[in-house]
Amino acid sequence: MGERLSDAEEVGGSKPPEPTTRDGASGGRDRPVLPLFLGVMAEAHEERHLLLSGEFDCDPEPLSTLRHSTSHVMAQAVKRLFPEVKLAIGPAIEDGFYYDFGRSQPFTPEDLARIEAVMREIAREGHRFERMELPRAEAIAFFRERGEPFKAEIIEGIADDRVSLYRQGEFVDLCRGPHVASTAEIRAFKLLSSSGAYWRGDEKNPMLQRIYGTSWLAQEDLDRYLWRLEEAKKRDHRKLGRDLDLFDFFDVAPGAPFWLPNGMVLVRELEKFARESLDARGYQEISTPLLVNKRLWVESGHWEHYQDNMFKVEVEDELFSLKPMNCPESALVYRRSLRSYRDLPLRFSEMGRCHRNERSGTLTGLVRVRQFTQDDAHIYVRPDQLQDEITQLLELVQEWYKVFTLTATFKLSTRPEKRLGTEEQWDTAEKALHEALRANGLAYSVNPGDAAFYGPKVDIDVQDVLGRAWQVATIQVDLTMLPERFQLEYIDTDGQPKRPVAIHRAIFGSYERFIGILTEHFAGAFPTWLAPVQARVLPISQKHEEYARQVWERLRGARIRAELDHRNEKLGYRIRDAQVRKVPYMLVVGERERQQGAVSLRHRTEEDLGAIPLERVLADLAREISSRAATLTVGRS
RNA sequence: GCCGGUGUAGCUCAGUGGCAGAGCAGCGGUUUCGUAAACCGCAGGUCGUGGGUUCAAGUCCCACCGCCGGCUCCA
């Protein structure tokens, strides 16, 4: 993770700090993996505990252990500064750790600085982490006496007779370990932020104050991580969206993006891509109403289960709602005529604009919105067609993501406790998903019990260049919801009506989120086929404007999105401007080019590539765009 | 929705009770330029919105809205 930023498309990015040579698999020449781990294991009883139970509060892997230990040191520092604070929990998490504290006052940035300073003192003091065990009842009494109600509550929920505590210096915490040997091992860390968090994650419980931090084995690793955070900030689609004039939000429509001309190019190109692909695969596109009478939502069950998220509108004493999903209306389309077994699979695709009343605090740029457009489809199949259809869908998903150089991860979610449908139906559906994943040679993880109540699903995450995962696509088998609730049927070979199986699927997920992810993935430097402006013509001076205009006309004639920048500015200024705007190609023209019928080419990340005949540039550009190439190829060959 | 932070020019930000500021962007002029920022000038503001305190509010107080970081939710 974090090693993938060196792509050629990176524009104006700073160089990462020199990576440390050790990286888990790659040898680890000077990382103190072994000594640290031995330190963790030094105490014989802890080793025994590991061997016997394998139960720890964190992964006994060195980095998690270090982060978990850092959270204890932070808690110790907080207790030194604010003795009245109550301890809750402090786990290691990806890239760091947090600790939750019971305290009426939130922590200020100044508090964090003070806490961090005390943590460094504690590290200098070099306290050993010592494990001890107490009978359960004694431990409860111990924490009650120390005024730690949360800790006591945790132990009350533990079934074991004995619990383990860890001490470093004056600080004692309920903990299963493991820990590093001494606070002296905690060096490369930083507190990052504080926020509210509910006790045990339940909003009915009191709100605690959480402090997040990060901790690493070596200072270089910390520096590298902090650099990664900076880099992620530069790639933030909200910033790039504004800088590149892709989209904007206005406070009159929270959670609903306005697409600006540049961003709308992205939407249109993606739509075009999707339609070309789906048309070739037997999909039939439909479009259904946004505003629908409550009666439909009652029939679909959304009124019962999803009402709180729906925008309601009263029209002439009748209640309507903006659709939060497209499936019920797709079912109406299916149901409007008698279907034969020969008609299946029936694939209805829809660019479905949905509205969901997400709670205000959850809205985030394009990735969490109230109005979005799904690249939705509902596929109706006979049970015997299910597996083959899923197999094809997985192929399609991979084909699409490859175009965007995104790497997908597949997660299979299986039957939950509360579910509809027979065991036999679930067996068949889950087997179909397993087999389809295998048929595609895909590695996947399984989330038992995580499926929707109506059928198992495969969710697909993509990783962006910074290694962050985003859920985009989903393939959900629907055994009961649409088929049963809407009484869907097809006439089978025996002349009898049968229930089809429905598949709900989206590959981009939503255009909004997908464009947000692409923006971050490419850092705004989109492949040429997606780039809002594909080429800029730059005359050396205004004397060369006429030839520049001819070049520009040729580009536009070839339906290339081109601009002519003949502003009264020096060439260097205009080149810089095109670079900043991440325009893939700059075509510089002066007297020499005019005489040769050529242009001097420059890629957005590179130096002058020299004069190239205009005809060749046009041909190369056309090829690159029509093939939806991921990299810049014009003039290279 | 909850906890906290935040909101000043198109953008990035300064201004801590006493005349609303800078850089970039924009516009005008000079310059006519060979590969990442020429020079001079001009214009640009209900300081998120609404109340309040004060002789005086961008600044202090209250409420609301948006945004940011989390929590929760994510049929």
Side-chain angles (χ1 to χ4, degrees), chain A residues 11-12 98 100 103-109 111-112 192-212 233 236 238-239 242-243 245 248-255 297 300-310 324-325 327-328 354 356-365 367-369 416 418 451-455 457 459 471 474 476 478 481 504 509 513 538-545 566-581 586-593 600-611:
Chain A
V11 176
Y98 67 80
D100 284 347
R103 188 188 190 222
S104 50
Q105 291 285 100
F107 293 103
T108 64
D111 291 336
L112 294 199
L192 298 173
S193 62
S194 62
S195 71
Y198 300 107
W199 167 233
R200 299 198 145 163
D202 187 333
E203 61 186 320
K204 291 194 266 311
N205 286 338
M207 171 118 2
L208 308 175
Q209 302 302 328
R210 174 172 299 180
I211 301 177
Y212 284 94
K233 225 187 257 179
D236 190 315
R238 292 167 295 189
K239 176 182 160 50
R242 206 177 35 239
D243 292 350
D245 297 317
D248 205 355
F249 289 89
F250 294 88
D251 59 11
V252 288
W297 308 117
S300 70
H302 286 84
W303 202 256
E304 189 185 346
H305 298 289
Y306 205 66
Q307 220 194 117
D308 290 349
N309 284 293
M310 292 163 67
M325 296 176 198
C327 31
C354 295
R356 296 182 189 173
N357 189 9
E358 305 289 354
R359 296 157 91 176
S360 57
T362 65
L363 303 175
T364 307
V367 298
R368 191 68 190 269
V369 288
K418 284 178 68 179
F453 68 86
Y454 52 78
K457 62 175 177 174
D459 286 328
Q471 207 218 295
T474 187
Q476 304 193 1
D478 180 359
M481 189 178 70
H504 308 237
R513 175 176 286 187
L538 309 178
I540 298 284
S541 84
Q542 290 176 336
K543 282 179 193 152
H544 314 104
E545 190 176 326
H566 60 284
R567 287 177 296 180
N568 181 13
E569 297 287 354
K570 290 177 71 171
L571 181 60
Y573 176 93
R574 287 173 288 141
I575 284 172
R576 180 173 188 281
D577 188 65
Q579 304 268 32
V580 167
R581 302 287 296 188
M586 281 157 270
L587 280 51
V588 176
V589 297
E591 187 52 27
R592 289 203 299 271
E593 288 78 8
S600 281
L601 191 71
R602 208 183 149 113
H603 292 191
R604 66 185 152 209
T605 53
E606 294 183 23
E607 303 292 303
D608 184 8
L609 298 177

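Every value quoted in this text rests on a predicted model; they were computed, and no experiment measured them. Proteins come first, then strands; the chains are lettered A, B, ... in the order of their sequence lines, and each starts at number 1.
The shortest side-chain heavy-atom distance between A:Asp577 and A:Arg567 falls under the 4.5 Å cut-off. Using a 4.5 Å heavy-atom threshold, the side chains of A:Asn309 and A:His302 count as separate.
Across A:Ile540 and A:Gly590, no two heavy atoms sit closer than the pair CG1-CA, 3.5 Å. A:Asp478 and A:His504 get closest at one heavy-atom pair: OD2-NE2, 2.8 Å. A pairwise comparison of heavy atoms in A:Arg574 and A:Glu569 identifies NE-O, 3.0 Å as the closest pair. Shown here for A:Arg513 and A:Val367, the closest heavy-atom pair between the two residues is NH2-O, 2.8 Å.
Taking the charged nitrogens against the carboxylate oxygens, A:Arg200 and A:Asp202 have no contact shorter than 4.0 Å, which rules out a salt bridge. Salt bridge status for A:Asp608 with A:Arg602: absent, with no side-chain N to carboxylate O gap under 4.0 Å.
The CD1-C1' distance, from A:Ile575 to B:rU35, rounds to 3 Å in whole Å. Spacing between atom NZ of A:Lys570 and atom C1' of B:rU31 amounts to 10 Å, rounded to whole angstrom units.
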What does the B/S/- profile of nucleotides 22-30 of chain B look like, 5' to 3', with a 4.0 Å heavy-atom cutoff to protein?
---SS---B

Along nucleotides 63-75 of chain B, 5' to 3', which nucleotides get a B, which get an S, and which get a -, given that the test is a protein heavy-atom distance under 4.0 Å?
---SSSBBBBBBB

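On a pure distance criterion of 3.5 Å, a polar donor-acceptor pair joins the side chain of A:Gln542 and the base of B:rU32.
Heavy-atom nearest nucleotides on RNA chain B were determined for A:Glu593 and for A:Leu208, and the one closer to the 5' end corresponds to A:Leu208.
Checked against B:rC11, B:rU35, B:rG34, the side chain of A:Arg602 finds its nearest nucleotide in B:rU35.
For the atom pair A:Asp459 CG and A:Gln471 CD, the distance stands at 4.0 Å (nearest 0.5 Å).
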Both distances under 3.5 Å, Watson-Crick or G-U wobble: on that basis, could you give the dot-bracket string for RNA chain B, with [ ] for crossing pairs and | for other-strand partners?
(((((((..((((....[..)))).(((((.......))))).....(((((..]....))))))))))))....

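Base engagement by A:Ser600 is indicated by at least one non-hydrogen atom pair under 4.0 Å involving a base atom. Within the nucleic acid shown, A:Gln471 has no heavy atom closer than 4.0 Å to any nucleic acid atom.
Contact annotation: A:Lys543 side-chain N/O to B:rC33 OP1/OP2 distance is under 4.0 Å.
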